[in-house]
Amino acid sequence: LSAGNVNPSYNENYRKGGQPTGLQAADKHFYAYLLKYDEFREMLSGIYFEHYPYMEQISAPGGQIDRLAGQYDAVFRRNYADAGWKITKVYNNLMRKPDSTYEKNLAFFRNFLSKRNEWLSEYYGVPDRSQAGDINFDSAVNASDAALILMASARIGTGESDGLSDMQRSVADVNADAAINASDASIVLIRTAAHGAAASEG
């Protein structure tokens, strides 16, 4: 139910729950009370930022969904076969109408969680917390980040995947030229040196 498997025509709550956007429980009980406080919202933002790399990889290609689907594919399929269930059957009026194949339903699940994470990260201000160049998300832009940017640039140069998450990619492009390369790493090193010099003078 929390991953879009809802019948949008069942009622208004289910219609909203079938979308990857919005907060579904922000007006409920104690949570609604807590959300009135800036301190609580800031804490939520910090927690989401801290765990963002994990959240992003869940639905990313080769991420947790793909790994589990590969590892337990036979088990998942046998679950239906042994029980005599049909992948396309609607078993109750709360669930969405399934797609025609297991693969299509898995793609729906992956896509929903990806869009949900994208919306939540914007809502909790994750991009705003990321400093340009802070590719390892340790709240410091330094030589370690420059090294990671150079390694990603080297992989790109050999035709490989850069090995970065979407969030890392966005902060690695320090000069905002839509490319990750040695120029970005140089800017990080220059800023690091300038910061170090200012700190020693201060």
Chemist: Please answer: with hydrophobic residues joined when any side-chain heavy atoms are less than 4.5 Å apart, are L68 and Y102 in the same cluster?
Modeler: yes
Chemist: With heavy-atom distances below 4.5 Å as the criterion, would you say the side chains of T192 and V188 are in contact?
Modeler: yes
Chemist: Going hydrophobic residue to hydrophobic residue with side-chain gaps under 4.5 angstrom, can you get from F108 over to Y14?
Modeler: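 No, F108 and Y14 fall in different hydrophobic clusters.
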Chemist: Under 3.5 Å, is there a donor-acceptor pair between the E160 and T158 side chains?
Modeler: yes
Chemist: Which value, rounded to the nearest 0.5 Å, describes the distance between I135 atom CD1 and N142 atom CG?
Modeler: 11.5 Å
Chemist: Using 4.0 Å as the upper bound for N to carboxylate O, is an ion pair formed by E12 and R15?
Modeler: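 Salt bridge between R15 and E12, a charged N being under 4.0 Å from a carboxylate O: yes.
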Chemist: Under a 4.5 Å side-chain heavy-atom rule over Ile, Leu, Val, Met, Phe, Trp and Tyr, are V174 and L148 clustered together?
Modeler: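 Linked, V174 and L148 end up in one cluster.
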Chemist: List for me each residue that meets ring pair (Phe, Tyr, Trp, His ring centres under 6.0 Å) alongside Y48, sequence neighbours excluded, and say none if there are none.
Modeler: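 Only Y124 meet the ring pair (Phe, Tyr, Trp, His ring centres under 6.0 Å) criterion with Y48.
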Chemist: Is it the case that the side chain of D38 and the backbone of E42 share a donor-acceptor pair, with hydrogens and angles ignored and the cut-off at 3.5 Å?
Modeler: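 Such a contact is absent between D38 side chain and E42 backbone.
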Chemist: Please enumerate all residues that pass side chain to side chain contact (heavy atoms under 4.5 Å, CB included) together with A83, with sequence neighbours excluded.
Modeler: W85
Chemist: Is S45 reaching over with its side chain to a backbone N or O of R41, donor-acceptor style, under 3.5 angstrom?
Modeler: no
Chemist: The test is side chain to side chain contact (heavy atoms under 4.5 Å, CB included); show your working for F112 and N5 and say whether it passes.
Modeler: CA-CA 10 Å; F112 185 94; N5 185 26; over 6 Å; no
Chemist: Could you give the distance from OH (Y123) to CZ (R116), rounded to the nearest 0.5 Å?
Modeler: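 One finds 10.0 Å between OH of Y123 and CZ of R116.
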Chemist: Go through it in stages, so that I can follow the logic: the residues are N117 and I58, the test is side chain to side chain contact (heavy atoms under 4.5 Å, CB included), and I'd like the CA-CA distance, side-chain angles, deciding distance and then a yes or no.
Modeler: CA-CA 9 Å; N117 180 55; I58 291 173; over 6 Å; no
Chemist: Which heavy atom of P98 sits nearest to which heavy atom of V90, and what is that distance?
Modeler: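 Smallest heavy-atom distance, with atoms named: CD-CG2, 3.7 Å.
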Chemist: Look up atom CH2 in W119 and atom OG in S114, then write down how far apart they are to the nearest 0.5 Å.
Modeler: 15.0 Å
Chemist: To the closest 0.5 Å, what do you measure between CG (L23) and NZ (K28)?
Modeler: 10.5 Å
Chemist: Grab the two heavy atoms, one from Q64 and one from Y54, that are nearest each other, plus how far apart they are.
Modeler: OE1-OH, 2.9 Å
Chemist: Output yes when a side-chain donor or acceptor of D66 lies under 3.5 Å from a complementary backbone atom of A69, and no otherwise.
Modeler: no
Chemist: Can you check side chain to side chain contact (heavy atoms under 4.5 Å, CB included) on I180 and L164, steps first, answer last?
Modeler: CA-CA 11 Å; I180 298 169; L164 304 176; 3.8 Å; yes
Chemist: S186: what forms a side chain to side chain contact (heavy atoms under 4.5 Å, CB included) with it, not counting sequence neighbours?
Modeler: none
Chemist: Should we count CZ of F30 as having more than 12 external heavy atoms under 6.0 Å?
Modeler: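 Atom CZ in F30 is not packed in, count stays at 12 or less.
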Chemist: Atom CG in N79, atom OH in Y72: separation rounded to 0.5 Å?
Modeler: 14.0 Å
Chemist: Does L106 share a hydrophobic cluster with V6, counting links as ILVMFWY side-chain heavy atoms below 4.5 Å and allowing steps through other members?
Modeler: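 No: no chain of side-chain contacts under 4.5 Å links L106 to V6.
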Chemist: Tell me if the CZ atom of F76 is crowded by more than 12 foreign heavy atoms within 6.0 Å.
Modeler: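 Yes - once you tally the heavy atoms of other residues, nucleotides and ligands closer than 6.0 Å, there are more than 12.
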Chemist: Same cluster or not: Y91 versus Y10, using hydrophobic residues (I, L, V, M, F, W, Y) connected whenever any side-chain heavy atoms lie under 4.5 Å apart?
Modeler: no
Chemist: Start with the C-alpha distance between N105 and R96, add both sets of side-chain angles, then the distance that settles side chain to side chain contact (heavy atoms under 4.5 Å, CB included), and finish with yes or no.
Modeler: CA-CA 11 Å; N105 286 291; R96 68 182 273 274; 3.3 Å; yes
Chemist: If you compare all heavy atoms of I87 against all heavy atoms of T101, which two are closest, and at what distance to 0.1 Å?
Modeler: CG1-C, 4.3 Å
Chemist: If you measure from CD1 on I149 to CG on N136, what distance do you get to the nearest 0.5 Å?
Modeler: 9.5 Å
Chemist: According to side chain to side chain contact (heavy atoms under 4.5 Å, CB included), who are the partners of F40, at least two apart in sequence or on a separate chain?
Modeler: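 Applying side chain to side chain contact (heavy atoms under 4.5 Å, CB included) to F40 gives Y31, L34, L35, Y37, M43, L44.
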Chemist: Which heavy atom of D134 sits nearest to which heavy atom of V171, and what is that distance?
Modeler: O-CG2, 3.8 Å
Chemist: Can you give me the closest heavy-atom contact between N175 and S183, atom names plus distance?
Modeler: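 In this case the closest contact between N175 and S183 is ND2-CB, 3.8 Å.
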Chemist: Not counting sequence neighbours, which residues clear side-chain hydrogen bond (donor to acceptor under 3.5 Å, both in side chains) with E103? List them please.
Modeler: R77
Chemist: Can you find a heavy atom in the side chain of Q168 that is under 4.5 Å from one in the side chain of E56?
Modeler: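 Side-chain contact under 4.5 Å: no.
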Chemist: Sequence neighbours excluded, which residues qualify as ring pair (Phe, Tyr, Trp, His ring centres under 6.0 Å) partners of F109?
Modeler: none
Chemist: Between I65 and R110, which heavy-atom pair has the shortest distance, and what is it?
Modeler: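 Reported closest heavy-atom pair: CD1-CA, 3.9 Å.
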